[in-house]
Amino acid sequence: MGAIQALRGTQDILPTEIGYWQQIEATARDIFAKAVYQEIRPPIIEQTELFERGIGEATDVVGKEMYTFRDRGDRSISLRPEMTAGVVRAFIQHSLGAGVHRLWYTGPVFRYERPGAGRQRQFYQVGVENIGTQDPRADVEVIALATQLLQDLGLKSLKLDLNSVGQGEDRQRYREALVSFLSPYKSELDKDSQDRLDRNPLRILDSKDKRTQEIVGDAPSLLEYLGDESRQHFDRVQQLLGDLSINYHLNPCLVRGLDYYTHTAFEIKAESLGNEATVCGGGRYDGLVAELGGKETPAVGWAIGMERLVLLLQQLGEEKPPKLDFYLVSRGDRATAQALVLAQKLRYFGFSVELDLSGAAFGKQFKRADRSNAMACLVIGDAEAENQTVNLKWMATQKQEAIAQSQLLTMTDTLKKQMKH
RNA sequence: GCGGGUGUAGCCAAGUGGUUAAGGCAGUGGAUUGUGAUUCCACCAUUCGCGGGUUCAAUUCCCGUCAUCCGCCCCA
């Protein structure tokens, strides 16, 4: 077969579904603007080292899912597998400095994985980062933005899972406790968990293997190992979420896949998406800025997977049909020329206008007008062209009147009212 | 990366080891050189994702490959 196809795991977003994307983008922009978050657009490619250092070489995302290649200067380059590392790199590079920085972004990210529904190799994220404060209010502000966005899109029955993964010393102590608890059971754990026992033991907590889950059920809880500072932070986050009436479920097994998280970790899930249930994931990452060479700077953020949101919106099935003011029906050389000019003028006055280019019989053109959901048709044939008039026909009532073309443009206010602009 | 299902027109689909590959929707032209429903007629896959094999004969059976979907893993 000669035709070239899109690469596996990449997708064309066609006009039939672009409405969902635009709806998400518009809603997000509006919410971010009101909370004074500013857009940032980091590049799609970065030095591979940025992700290795930022996200962690032991993570699946970096270890086996990254698109990495050498460029002509023999540098190791990677397509970004997520946006936070790039945003933080930009923050450091441009010395954005002290104080609180509220940022948001959207764009494609890349992970080399087996594609499926709601899971692509090139997929789109929208996310926020609140950089510069350790205040638990920042954690909650950010979570509130996510829940508001989902709510404004009409998505209900989403579940917010919350946990604290503590910080440095807490996690080190817990890690030791967990490893010594699990080691006697090593042979009973699933294979992946056995491998993780020394590499990344915390991730064993959210293994879906049944036997592993049973064992983990009796393991010491991360929450019991939180130091005073972590404990206080987490308590305050929960209290503030309560003040905002944001419902959440404590999930002590929630451990996120990227190394940089500290304190608050959360995910928002939709059960109707089955396996690919996580719509939004995020948390606090107080160590990342320093890890990437900046000053010690606390931060918190999240990312939403846009195609999963689109799937949820499609399940709601409430796409509005595009509205059209005028459908222009014309035939004959003089008439089609006049129709073209009239269409341009009406657009200048703010109307949406579709010009029928077929030159087919009027009957065919009206049929298309009907399907286009136009409020009204403007008809120019030989007779109208001769008199410089136009027939205005309202599709709903079938009422029709002849108007001078020049006059039509003087009654645009009246027309707009009838169009319910 | 592993296990499984699927692949016939723009879309939804029936079908069979035997030579013309149903049907529906959409589209185009016409009945109706100038008015939307309905109707009627015609056209719309030299070919069944792609490549190879078995066979006198393959869309059908076999192998490979690509794509897609489900599960595992992981995440958004």
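In what follows, chains are A, B, ... by sequence order, proteins preceding strands, each numbered from 1.
Taking only distance into account, the side chain of Gln398(A) never meets the base of U35(B) through a donor-acceptor pair shorter than 3.5 Å. You won't find any donor-acceptor pair under 3.5 Å spanning the side chain of Arg114(A) and the base of C73(B), going by distance alone. You'll find a donor-acceptor pair under 3.5 Å spanning the side chain of Lys393(A) and the base of G36(B), going by distance alone. The base of G34(B) sits with one of its N or O atoms less than 3.5 Å from a complementary donor or acceptor on the side chain of Glu384(A).
Nucleotide U65(B) forms a pair with G49(B), judged by Watson-Crick or G-U wobble geometry with both contacts under 3.5 Å. The base-pairing partner of C40(B), taking Watson-Crick or G-U wobble contacts with both distances under 3.5 Å, is G30(B). Nucleotide U60(B): unpaired (no Watson-Crick or G-U wobble partner with both distances less than 3.5 Å).
The pair Arg53(A)-Glu49(A) meets the salt-bridge criterion, with a side-chain N (NZ, NE, NH1 or NH2) lying under 4.0 Å from an Asp/Glu carboxylate O.
Considering only side-chain atoms of Arg119(A), the nucleotide from A76(B), A26(B), G29(B) that sits closest is A76(B).
For Arg331(A) and U33(B), the shortest distance from a side-chain N or O to OP1 or OP2 is not below 4.0 Å. Distances shorter than 4.0 Å separate some side-chain N or O of Arg368(A) from OP1 or OP2 on U28(B). Between Arg308(A) and A76(B) there is no side-chain polar atom (N or O) within less than 4.0 angstrom of OP1 or OP2.
Phe362(A) does not qualify as a stacking partner of the U35(B) base, lacking a centre-to-centre distance under 5.5 Å together with planes within 30°.
The only member of Pro136(A), Ser230(A), Pro298(A) that meets side chain to side chain contact (heavy atoms under 4.5 Å, CB included) when paired with His263(A) is Ser230(A).
As rounded to whole Å, 14 Å separates atom P of C74(B) from atom CG of Leu202(A).
In this pair, Tyr37(A) and Phe32(A) present their aromatic rings tilted. The plane angle is within the 30 to 60° band.
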